[in-house]
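For reference, the structure is listed below as structure tokens.
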Amino acid sequence: MELPEVEVMRRDLEKDVVGRRIGKVDVRPQKNALTIIKKHHRTRKEFAGLLEGRKITGIERRGKYLLVKLDDDSVLVVHFKMSGRFVRGRKGSELQPHTHVHIEFAQGGDLRFVDPRAFGRMFVAPADKLETMAELQKIGIDPLEHTFTWPEFSAKLAERRMKLKPLLMDQEFIAGLGNIYSDEVLFAAGLRHDRKSDELSSQEVRRLYRAIQEVVQDAIRFRGTTLEDQAYVDLFGNPGENLTELKVYGRRGLACRRCRSPIEMVKISGRGSYFCPVCQT
DNA sequence: GTTTAACCCTGCACGC
DNA sequence: TGCGTGCAGGGTTAAA
């Protein structure tokens, strides 16, 4: 899940769970359930105890991190990684496989953290400690924030000497882009993945800046990208509609939507990276 | 500072 | 049919 999917999830949760009080919390018995919380919590009970009885007061997002704010000034921090997601359930309905954390609400209904690959992570921490925690301290500028300005972006690009694709995916540099949207951004900007960040013309920097905002905003408008594997669906189980909007990701060998040349794929540090060899220079 | 690779994990596509 | 293999992917960590 990348920024747009986390943002859609944030907005859904904001409408649906803010104001609810948490009843019983169950970290499920399977080993993977413990894996998800164990970095910051020794036992299932400790984690559950920090949530039980609390009221949800707001939902925020930092890059790909989701922050569930609680009424005792603590925060449930969630990272969905690849296959994690929240599912709204009805009381008493069966838990689907790979449900690792089950949060019941006092007034009925529940929230389930489901994650087949168990890469996702959750922890509870005091709000005032968040800024000093390793996970969130290093988060870079968020492309939806008003602080993401062209002059600042331009200056930051110039002080690095990295290839654009890994730089766009670096969460310390800019927060929220993953493998799918970094490819889409580079296509929208007409730039190759291996162009160096400090060797762009000011026109190219501006194209890149615009592309980031457009790709992210469009993906949110289409409620995120649901690939064939259905790894991402929204809070209520509905797929996003951004898949058909993708210009390059997953389209190896297919005709470029702009120039009809075949889309190419190369491996960049283990990740498939898609681009048009004609449109991107 | 930059670059690469391994690791975590399951589901699925593939070949034999 | 059934098995083994390889791949997907975000972030962390280690190593080159």
Side-chain angles (χ1 to χ4, degrees), chain A residues 1-7 9 28-40 61-67 77-87 95-101 113-123 133-140 142-143 155-185 192-200 216 219 224-233 239-240 242-243 246 248-253 265-274:
Chain A
M1 215 188 264
E2 304 180 30
L3 189 156
E5 291 77 29
V6 180
E7 178 61 19
M9 182 61 74
R28 305 292 296 157
Q30 67 270 19
K31 201 178 154 200
N32 281 346
L34 195 58
T35 303
I36 282 160
I37 61 158
K38 76 178 173 194
K39 186 170 180 197
H40 293 272
R61 183 186 55 74
R62 302 268 175 83
K64 300 176 194 171
Y65 282 91
L66 186 82
L67 309 182
V77 181
V78 183
H79 199 301
F80 298 100
K81 293 276 184 96
M82 317 248 331
S83 58
R85 61 194 183 94
F86 272 132
V87 178
L95 299 181
Q96 64 177 281
H98 309 296
T99 300
H100 301 304
V101 179
F113 185 75
V114 178
D115 187 357
R117 288 175 211 176
F119 279 13
R121 295 292 179 263
M122 301 176 111
F123 62 89
M133 300 190 76
E135 287 90 344
L136 292 154
Q137 196 177 35
K138 299 187 294 184
I139 293 284
D142 193 297
K156 283 189 70 182
L157 274 175
E159 67 190 34
R160 299 292 291 267
R161 295 185 165 203
M162 270 175 74
K163 291 175 180 174
L164 290 179
K165 163 95 176 178
L167 186 60
L168 289 177
M169 287 180 64
D170 182 348
Q171 302 302 299
E172 290 185 48
F173 181 73
I174 182 168
L177 300 178
N179 203 37
I180 296 174
Y181 294 114
S182 57
D183 280 1
E184 293 299 315
V185 162
R192 276 180 67 100
H193 55 83
D194 54 0
R195 289 287 301 279
K196 290 288 185 69
S197 59
D198 60 339
E199 293 171 2
L200 300 180
V216 167
T225 301
T226 299
L227 299 172
E228 313 294 334
D229 65 3
Q230 299 273 310
Y232 167 76
V233 289
N242 197 56
L243 179 63
L246 299 183
V248 285
Y249 183 83
R251 293 178 49 81
R252 171 157 62 164
M265 194 272 268
V266 290
K267 286 267 184 182
I268 297 175
S269 54
R271 262 89 176 160
S273 299
Y274 301 84

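Residue numbers start from 1 in every chain, and the chains themselves are labelled A, B, ... in the order their sequence lines are given, proteins ahead of strands. Note that the structure is a prediction, hence the values are computed from the model and not measured. Worth knowing before you read on, the calculation uses all heavy atoms, side chains too, and leaves out hydrogens, waters and symmetry mates.
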Practice problem: Would you please confirm or rule out a distance under 4.0 Å between OP1 or OP2 of C/dG11 and any side-chain N or O of A/K64? | Solution: yes

Self-check item: Salt-bridge criterion met for A/D194 and A/R192 (N-O under 4.0 Å)
Solution: yes

Quiz prompt | Rounded distance (Å) that lies between atom C1' of B/dC9 and atom NE2 of A/H100 | solution = 9 Å

Practice problem: Output the residues of residues 166-182 of chain A in contact with DNA chain B, where contact means a heavy atom of the residue under 4.0 Å from an atom of the strand; sort by number or write none. | Solution: none

Quiz item: Between the side chain of A/Q171 and the main-chain N/O of A/G178, is any donor-acceptor distance below 3.5 Å?
Solution: no

Quiz prompt | Salt bridge present between A/R160 and A/D170 (N-O < 4.0 angstrom) | solution = yes

Exercise. Output yes if the stacking criterion (under 5.5 Å between centres, under 30° between planes) is met for A/F119 over the base of B/dC8, else no.
Key: yes

Quiz item: Between A/E135 and A/M82, who's closer to the 5' end of DNA chain C by nearest nucleotide?
Solution: A/M82

Quiz item: Between atom NZ in A/K163 and atom C1' in B/dT3, what is the gap in whole Å?
Solution: 8 Å

Exercise. Nearest 0.5 Å please: distance from the NZ atom of A/K165 over to the CD1 atom of A/I268.
Key: 6.0 Å

Quiz item: What's the CG-P distance between A/L164 and B/dT2, to the nearest Å?
Solution: 13 Å

Quiz item: Between the side chain of A/N32 and the main-chain N/O of A/A118, is any donor-acceptor distance below 3.5 Å?
Solution: no

Exercise. Select base, sugar-phosphate, or nothing to describe what A/Y65 touches, counting heavy atoms under 4.0 Å on all strands.
Key: sugar-phosphate

Quiz item: How long is the line joining CG of A/D198 and P of B/dT2, in whole Å?
Solution: 9 Å

Exercise. Would you kindly compare A/L227 and A/K39 by the position of their nearest DNA chain C nucleotide and give the one closer to the 5′ end?
Key: A/L227

Quiz item: For the pair made of CZ in A/R195 and C1' in B/dT2, what is the distance, rounded to whole Å?
Solution: 18 Å

Quiz prompt | Five-pair end axes of the helix from B/dT2-C/dA16 to B/dC16-C/dG2, angle between them (10°) | solution = 60°

Quiz item: Which is it for A/H100 and A/F113 under the ring pair (Phe, Tyr, Trp, His ring centres under 6.0 Å) test, yes or no, and what are the steps along the way?
Solution: CA-CA 6 Å; A/H100 301 304; A/F113 185 75; 7.0 Å; no

Self-check item: A/N242 side chain to A/L246 backbone, donor-acceptor under 3.5 Å
Solution: no

Quiz item: Any donor and acceptor pair, going by atom type alone, linking the side chain of A/S197 with main-chain N or O of A/K163 inside 3.5 Å?
Solution: no

For nucleotides 11-14 of chain B, which of its nitrogen or oxygen atoms have a protein nitrogen or oxygen under 3.5 Å away, and what is each distance?
{"from": "B/dG11", "atom 1": "OP1", "to": "A/H98", "atom 2": "NE2", "distance (Å)": "2.6"}

Quiz item: Touch check for A/D115, heavy atoms < 4.0 angstrom, all strands: base, sugar-phosphate only, or nothing?
Solution: nothing

Exercise. Check the pair A/Y232 / A/E2 against side-chain hydrogen bond (donor to acceptor under 3.5 Å, both in side chains), numbers first and verdict last.
Key: CA-CA 10 Å; A/Y232 167 76; A/E2 304 180 30; over 6 Å; no

Quiz prompt | A/R161 side chain, from C-beta outward: closest of B/dT2, C/dG11, B/dC8 | solution = B/dT2

Quiz item: With respect to the side chain of A/K138, which nucleotide from B/dT3, C/dT12, B/dT10 is positioned closest?
Solution: C/dT12

Self-check item: Spacing between A/K196 atom NZ and B/dT3 atom C1', to the nearest angstrom
Solution: 10 Å

Quiz prompt | Salt-bridge criterion met for A/K39 and A/E135 (N-O under 4.0 Å) | solution = yes

Quiz item: Rounding to a whole Å, what distance do you find between A/Q137:CD and C/dG11:P?
Solution: 17 Å

Quiz item: Are the side chain of A/Q30 and the backbone of A/T99 linked by a donor-acceptor contact shorter than 3.5 Å?
Solution: yes

Exercise. May I ask you to say what A/R121 touches in the nucleic acid, namely base, sugar-phosphate or nothing, with a heavy-atom cut-off under 4.0 Å?
Key: nothing

Self-check item: Value in whole Å for how far the C1' atom of C/dG11 lies from CD of A/E2
Solution: 13 Å

Quiz prompt | Chi angles and distances behind the side-chain contact (heavy atoms from CB on, under 4.5 Å) call for A/F86, A/F80 | solution = CA-CA 9 Å; A/F86 272 132; A/F80 298 100; 3.8 Å; yes

